[in-house]
Trainee: 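One structure is given below, represented as structure tokens, and several questions about it will come after.
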Amino acid sequence: MVPDDEDGGLMHADVLTAGIDGLDEALAAVDAFDDVLVAGLLRPQAAQSAALAELADAVAGSPLSARVAEAADKASAGAAGEDHFVALAAARTALLGSVHDALAARIAEALGRPAAEEPPAPAPGGEDHAANLLSAARTWLCDLARAGWRGLDHELAAGAAPVVSAMLRDPALRRQATLLDGFAAELAASCPGAALERVPVRRWADLWSRALLLTVPGVAGAPATAGATGRLLPLGVDLQEHATAVQAQVHAVLEPADGGPSRLVRASVSVPKPDTVVGAGLWQLLRPHMSLLAAVSEGRAMELDAMPVTAEGDLIWDDARARTGEPADALVTARVALPPAAAPPTAPLDRHPARIAVPVLLEGYDTEQDDSGLAFRIAGHRLAVDADRAPDAGPLTPEAVAGSGTCIALLRWDGGEFRVQPLAVEKLVRKKPVALHAGAWAGGTADKAGVRAEKAATTAVAVLRERAGKLLRT
């Protein structure tokens with residue numbers, strides 16, 4: 001997004017609020033199918049048969065048409081096999097992929113950027129030797145679909161454990177194993193399904209369909225990589241926390257050394273964590289694994305030398321191939337280097353509305369707060385703000401966002417509308433501009449609250465290590 005020369009708003013901001021033909025219909029078909037999985041397909045009812053027919057109709061003009069129509073008929077009769085469930089999962093994924101593509105095209109139009117190109121096909125996964133494990137995982141997932149989320153019990157949820165255990169021994173299956181393990185743990189924590197007050201319908205359907213498609217041999221092949229050499233200009237950090245894990249994803253602009261066009265890239269690091277480590281203490285777990293976090297904290301660029309990067313723009317970070325460069329202010333990067341940077345393509349299985357996270361620069365807006373939350377008013381158009389997504393592990397607060405005049409954010413789509421997640425803002429403090437970044441404490445901090453959190457984290461980790469050592473010695 002770029003400033004409007006006439007009124008300081010955002011050029012083409014109206015594009016984001018305009019309707020998209022067919023989007024509501026595609027999502028309605030997905031929602032209908034997701035509701036089918038709540039009750040399960042062991043003994044389908046009339047409403048479930050109608051929802052399955054709606055899914056088949058939604059992909060009637062695609063190459064999936066015949067297979068999905070057959071699968072819908074078999075599932076309606078309670079006679080669906082594994083291939084039929086895979087076809088239904090593929091249809092659901094294709095519909096969400098079409099929604100993703102429509103939203104991505106709308107964003108490209110609003111920003112005046114070219115649409116991303118198609119990614120190359122992944123390299124063969126080499127999973128033939130593990131066909132039995134993939135088949136076992138597929139069987140468990142099909143059993144889930146038959147039982148439905150209301151039919152969950154501990155025995156069914158535990159059925160994934162031996163498959164996950166065997167998969168984890170094979171590095172080529174680590175991706176599928178991690179997804180199955182997390183999904184099974186979430187289901188186990190929700191048993192019995194019949195007693196659930198609220199079922200996370202969309203989330204569990206997302207996990208089920210993705211996991212099922214990843215059991216198809218060859219689908220989860222290794223992404224193609226190339227060497228990236230040039231200057232990396234960080235824009236901000238998106239910190240994602242779970243009770244047992246944390247991930248930091250750095251969004252940046254890569255300026256190739258050979259003078260080629262700049263591009264948007266991401267660099268991520270994930271680590272397990274104890275649930276007692278929270279807030280600024282999270283950086284203590286992440287920091288040793290990626291030197292880029294220190295550069296972000298210090299406001300510096302990184303010089304890369306043949307850093308592996310996928311076609312989708314994900315850097316496979318290796319500290320040996322990076323060194324700290326010159327100072328690089330993220331706001332300057334967003335104003336100068338971000339607009340011409342090309343967006344990376346998205347892999348087919350990653351085409352989901354929830355995966356949209358496009359870095360943008362917002363300026364010249366007014367903030368407003370109402371019952372629906374914080375929003376930016378841009379050239380007369382309202383853009384919702386997810387200020388609560390700013391992590392506690394940094395100085396960026398909802399109050400700072402509300403008082404800002406410039407913002408680096410990730411443009412997302414959630415709840416049927418475009419929203420922004422702030423990564424950094426600039427606000428006036430005593431008539432002087434002050435920048436606040438979500439990742440400002442990534443490399444360390446002198447902030448009192450940050451220092452206290454890091455000290456508490458140090459103590460918690462030391463205690464856990466001591467206890468683990470005692471357990472191993474006994």
Side-chain angles (χ1 to χ4, degrees), residues 164-165 167-186 189 207 222-223 232 234 236-252 265-298 302 307-310 312-322 324 350 355 357 389-394 396 410 421 423 437-445 450-469 471-472:
V164 169
S165 180
M167 279 185 164
L168 285 172
R169 301 190 189 103
D170 187 344
L173 299 176
R174 201 67 54 79
R175 180 184 182 189
Q176 295 96 319
T178 302
L179 176 56
L180 286 172
D181 190 30
F183 187 25
E186 194 167 316
L207 293 172
L232 188 70
V237 183
D238 179 19
L239 191 68
Q240 302 165 10
E241 183 182 357
H242 186 270
T244 59
V246 61
Q247 172 180 275
Q249 186 173 70
V250 180
H251 292 262
V265 294
R266 301 172 294 264
S268 303
V269 57
S270 304
V271 296
K273 79 170 192 71
D275 56 9
T276 53
V277 177
V278 295
L282 299 173
W283 299 119
Q284 200 173 107
L285 304 177
L286 295 162
R287 202 175 293 142
H289 299 279
M290 192 164 70
S291 60
L292 177 58
L293 294 177
V296 170
S297 182
E298 296 168 7
M302 295 288 280
M307 181 74 73
V309 60
T310 69
E312 291 81 29
D314 290 298
L315 295 168
I316 312 300
W317 193 262
D318 180 358
D319 275 347
R321 298 182 180 274
T324 305
D350 293 338
R355 296 292 295 266
R389 292 187 70 152
D392 294 333
L396 185 61
L410 296 177
Q421 173 192 343
L423 299 181
H437 299 262
W441 298 349
T445 178
V451 169
R452 285 197 299 269
E454 291 235 15
K455 184 177 180 181
T458 301
T459 303
V461 171
V463 170
L464 289 170
R465 284 175 177 166
E466 180 184 359
R467 291 176 179 174
L471 288 172
L472 290 173

Trainee: Which heavy atom in P171 sits nearest to a heavy atom in R169, and how many Å separate them?
Mentor: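 Looking at all heavy atoms of both residues, the closest pair is CD-O, 3.5 Å.
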Trainee: Is it the case that atom CG in D314 sees more than 12 heavy atoms from other parts of the structure closer than 6.0 Å?
Mentor: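 More than 12 heavy atoms, drawn from other residues, nucleotides or ligands, come within 6.0 Å of this atom.
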Trainee: Can you name the salt bridge (charged side-chain N to carboxylate O under 4.0 Å, His left out) partners of R389, sequence neighbours left out?
Mentor: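 Scan of R389 (salt bridge (charged side-chain N to carboxylate O under 4.0 Å, His left out), adjacent residues dropped) gives none.
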Trainee: Taking atom CZ of R321 and atom CG of D319, what is their separation to the nearest 0.5 Å?
Mentor: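 That separation rounds to 12.0 Å.
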Trainee: Just verifying a value: how many Å separate L292 CG and L315 CG, rounded to the nearest 0.5 Å?
Mentor: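 The CG atom of L315 is 8.5 Å from CG of L292, to the nearest 0.5 Å.
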Trainee: Could you tell me the separation between the CG atom of L282 and the CH2 atom of W441, rounded to the nearest 0.5 Å?
Mentor: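 Between atom CG of L282 and atom CH2 of W441 there are 11.5 Å.
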Trainee: Taking the side chain as everything from C-beta on, heavy atoms only, tell me whether E241 gets closer than 4.5 Å to Q247.
Mentor: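 Answer no - side chains too far apart.
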Trainee: Between atom CG of L173 and atom CG of L179, what is the distance when rounded to the nearest 0.5 Å?
Mentor: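 Separation between the atoms: 12.5 Å.
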Trainee: Are the side chain of W283 and the backbone N or O of A393 linked by a donor-acceptor pair below 3.5 Å?
Mentor: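 Present.
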Trainee: Looking at side-chain heavy atoms only, is the closest gap between L423 and H437 below 4.5 Å?
Mentor: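 Counting from C-beta outward, L423 and H437 never come under 4.5 Å.
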Trainee: Verify, without hydrogens or angle tests, whether S297 (side chain) and L293 (backbone) share a donor-acceptor contact under 3.5 angstrom.
Mentor: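 No.
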Trainee: Taking the side chain as every heavy atom from C-beta outward, state whether V246 and L286 have any atom pair closer than 4.5 Å.
Mentor: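 Counting from C-beta outward, V246 and L286 do come under 4.5 Å.
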Trainee: Looking at H242, I want to see if its NE2 is surrounded by more than 12 non-hydrogen atoms of other residues, nucleotides or ligands under 6.0 Å.
Mentor: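 Atom NE2 in H242 is not packed in, count stays at 12 or less.
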Trainee: Within the 4.5 Å heavy-atom criterion, are D318 and M307 side-chain neighbours or not?
Mentor: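 In short, these two side chains touch, coming nearer than 4.5 Å.
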Trainee: CE/M302 to CG/L232 distance, rounded to the nearest 0.5 angstrom?
Mentor: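 Reported value, rounded in 0.5 Å steps: 7.5 Å.
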Trainee: Do P391 and Q240 have side-chain heavy atoms sitting under 4.5 Å apart?
Mentor: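 Side chain of P391 against side chain of Q240, heavy atoms only: no contact under 4.5 Å found.
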Trainee: So, using salt bridge (charged side-chain N to carboxylate O under 4.0 Å, His left out) as the criterion, who are the partners of D238 when residues are at least two apart?
Mentor: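 If we apply the salt bridge (charged side-chain N to carboxylate O under 4.0 Å, His left out) test to D238, skipping adjacent residues, the hits are R412.
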Trainee: Is it true that E312 and R266 make a salt bridge, defined as a side-chain N closer than 4.0 Å to a carboxylate O?
Mentor: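 Salt bridge: no.
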Trainee: Determine, stepwise, if the pair R174 / M167 fulfils side chain to side chain contact (heavy atoms under 4.5 Å, CB included).
Mentor: CA-CA 7 Å; R174 201 67 54 79; M167 279 185 164; over 6 Å; no
Trainee: Can you tell if the side chain of V271 reaches within under 4.5 Å of the side chain of H289, non-hydrogen atoms only?
Mentor: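 In contact.
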Trainee: Nearest 0.5 Å please: distance from the CD atom of E186 over to the CG atom of D181.
Mentor: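 Separation between the atoms: 11.5 Å.
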Trainee: Find out whether V269 and V250 are in side-chain contact, i.e. whether some heavy atom of one side chain is under 4.5 Å from a heavy atom of the other.
Mentor: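 Side-chain contact under 4.5 Å: no.
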Trainee: Among S291, S268, P308, exactly one meets side chain to side chain contact (heavy atoms under 4.5 Å, CB included) together with W317. Which residue is that?
Mentor: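 Only one option passes, and that is S291.
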